[in-house]
S.K.: 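This is the structure, below, for whatever I ask next.
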Amino acid sequence: MKKLAGFILGLVLLLQCGGAFAQTSDYEIIQSYKSRYQSLLNSIKAVQDPVECANLQGEIGRMEDEYTPHQKLLGEGLYPENFGTTIATLRDQLKKSADRIVLVEESRKDKVTIETVSQQVAESAKTIEVISKQNTEYRASIERMTQEVSVLNEKVQELSKSNAGLLQQIKALQLENKNDKESIARLKALTEKLTANIRERDELILKMMDSFVGEYSKPGMTDAQRQNLFFKSQGINYVGKIKETLAENVQYAENTLLTPQDVNLMRSEQKKLASRWTEIRPYVEKLYPDAQIGSYDVAAVESGLAKWKAGIDETIWKNIYLAFSRQNISIGSFNTAAEFQARVLAYVDEQANNPSRETYQTFRSKVWDSPIKDQWLPIIPTEELTVQQRTEIDARIELWGKKVATLLWRWVLIGVFGVAVIAVIAVVIMRKKKPMPPADDEKTGPVNHPTS
Amino acid sequence: MKRAILVLLAAMMLALSGCATVTIKPVDFSWSFESVLTADSDGIVRGEPKTIAFDASVLFWAETKEPGIPAGKTVRIIRDEFGYYFVTSPGFRNVYIFEGTVGKLKLKKKLHITEEDMEKPYFNRRDEGIELGANGVVYLLSHKGILSGGKK
């Protein structure tokens, strides 16, 4: 745009210049000079660009060269000005315009700087506001978490103490090995209480973990603030409680006789805790002031989770084993699904070779069908004990059943045959011992024979 | 008192005798360049700055013999060193040379320049006289007549 304006200006001045050359009237020369002078002066006053200034500088030079031959005439025509003063005026004005452009440019730069600085100040103010807000939230987090740690700590402590007592009582009762109704009821009550406590404590720990994730994953919190929060809110106690809980859960799993429902619940809690731990682990690792202690605690929690999971599996196999042993069925020990299947198949095959109806019935009704098949097998994942393994066991048990049935029928047939033989013999003997019945005539009276 | 009156009378006599005898010469009445004046609605042309003002209607009547006010028409005028006014206008065939007298311009000479109407006539002051340019021809004029150029 500025270049076009410069071009048009140049064209106009050139046309005027052409006019000056074409005419010979002194009056016209003066008029054309005045016109060009005024036009150039206006352009100089309005110039906005250093490049245009350079163009106008050149134009002044050209005009000066062109009108110098008419210098005397112009001196009279421009009175009280003259040619020299008008050219000087143009140059002076051009200098002023150039200075003005420089000033404008500087002013524009200053304005940009002022705007930039103002913007920076505004941004800084905004940042300060955000930081202040974050700090307020951060202080609230510290307060909240410190309070939570204190309350939860107290509750967990209380439950842990109670659980320790309950476990002791359960162990003592188990050692007594009393099978009376009262002892069994007491053991059951203690176990139930312990199970409820364990669940309550697990819930508290989960709540602590949720709260932990909620506070530490807040956006805008720096690592330093997180570490400080961890330190001030005794974050290590969080991890300590998790470790303690896991250790007690392992003990609970190992020392109590659980129902399949209890085991199922415990397994779901273990999964929940493991999943929540996966979420908070990245924070925990960063938050420990001492990285070595942090690594140790993280490893301890993960080991606890693994032990707990193994303890739950062990409890399942232990309870299944007890289901056999309570019916005096000895199939040998097992700790995995594969071992369990091998043991059961070996036992069933052995029994099938020497079938006993009573043993089969006991095995089937008091062990296999319930509680193993209807209560324990459903809580064993099919990844552990596959459908194929289960089907194979069932098939072998069916075979055993068939053999028992065949044996039974054989004895039934033998019995029937024996009964039949006995019956025949008995009939024969009875017939022999029975007196001869009188002859038919004896029975009908004397018969008169003809005399002829 | 008498003495004072005598001194005053002597001074007045000296002053009156000076006025009557002072003559300034030579005087160059010429204008450096012509004035191009446009007649207003009354037919009056005025120089800028106001060097001369007169009714141009008479001039146009003299040239065209048509009555009326030449509003909007231009008159080109220049004065030579002797104080004569050279006047013409586009469309004229003559240049009118006037002598300025008390309150009027008196025709000194009418120079017939061309048989064709002058399209864009102009005057320039030159050392030799007044230059007239018209229809591509340059003339040199004086209050006595055409010195050079065109038909004399």
Side-chain angles (χ1 to χ4, degrees), chain A residues 11-45 59-93, chain B residues 27-39 45-52 56 73-81 85-92 95 113-114 118-141 147-150:
Chain A
L11 195 63
V12 168
L13 294 172
L14 199 66
L15 286 172
Q16 287 173 343
C17 165
F21 285 129
Q23 58 85 42
T24 51
S25 163
D26 292 349
Y27 173 81
E28 300 298 345
I29 291 170
I30 293 162
Q31 291 306 311
S32 76
Y33 180 82
K34 281 181 179 173
S35 170
R36 277 184 75 176
Y37 169 80
Q38 197 54 52
S39 170
L40 197 51
L41 190 64
N42 290 343
S43 297
I44 289 168
K45 283 180 179 171
E59 189 54 38
I60 294 169
R62 279 192 292 279
M63 197 166 91
E64 188 180 19
D65 293 345
E66 196 181 318
Y67 284 93
T68 298
H70 307 291
Q71 195 170 354
K72 192 181 168 201
L73 174 70
L74 289 169
E76 292 167 347
L78 299 173
Y79 184 83
E81 296 285 331
N82 61 46
F83 179 66
T85 58
T86 51
I87 292 292
T89 301
L90 289 175
R91 292 208 163 108
D92 184 52
Q93 187 58 51
Chain B
V27 175
D28 183 356
F29 291 100
S30 69
W31 293 353
S32 302
F33 50 91
E34 65 181 335
S35 282
V36 181
L37 312 175
T38 303
V45 292
R46 286 183 176 83
E48 292 290 345
K50 199 173 177 180
T51 51
I52 189 169
K73 293 200 171 172
T74 56
V75 170
R76 304 185 84 99
I77 183 167
I78 195 166
R79 206 173 180 197
D80 73 359
E81 61 182 311
Y85 293 95
F86 290 70
V87 185
T88 193
S89 176
F92 280 19
V95 170
I113 303 298
T114 174
M118 290 185 283
E119 279 188 11
K120 290 178 181 174
Y122 63 84
F123 292 118
N124 290 327
R125 188 195 71 175
R126 295 290 177 255
D127 292 341
E128 301 82 12
I130 298 299
E131 184 182 83
L132 167 72
N135 297 352
V137 183
V138 177
Y139 305 84
L140 188 64
L141 312 176
L147 300 178
S148 67

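Reminder, nothing fancy here: chain letters follow the sequence lines and each chain counts from 1.
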S.K.: Heavy-atom distance under 4.5 Å between the side chains of Phe33(B) and Ile29(A), does that happen here?
M.R.: no

S.K.: Across chain B and chain A, going purely by atom type as modelled, what donor-acceptor pairs are there at a distance under 3.5 Å?
M.R.:
unit_1, atom_1, unit_2, atom_2, d
Thr24(A), O, Asn124(B), ND2, 2.8
Thr24(A), OG1, Tyr122(B), OH, 2.1
Ser25(A), OG, Glu34(B), OE2, 3.1
Asp26(A), N, Asn124(B), OD1, 2.7
Asp26(A), OD2, Arg126(B), NH1, 3.0
Glu76(A), OE1, Ser32(B), OG, 3.0

S.K.: Atom CD1 in Ile60(A), atom CZ in Arg36(A): separation rounded to 0.5 Å?
M.R.: 11.5 Å

S.K.: Specify the closest pair of heavy atoms between Leu90(A) and Ile44(A), including all atoms of both residues, with the distance to one decimal.
M.R.: O-CD1, 3.7 Å

S.K.: Can you find a pair of side-chain heavy atoms, one from Thr89(A) and one from Tyr37(A), that are under 4.5 Å apart?
M.R.: yes

S.K.: Minimum heavy-atom separation for Pro121(B) to Leu132(B), with atom names?
M.R.: CB-CD1, 4.2 Å

S.K.: Set out, in order, the CA-CA distance, both residues' side-chain angles and the distance that settles side-chain contact (heavy atoms from CB on, under 4.5 Å) for Thr68(A) and Phe83(A), then state yes or no.
M.R.: CA-CA 8 Å; Thr68(A) 298; Phe83(A) 179 66; 3.7 Å; yes

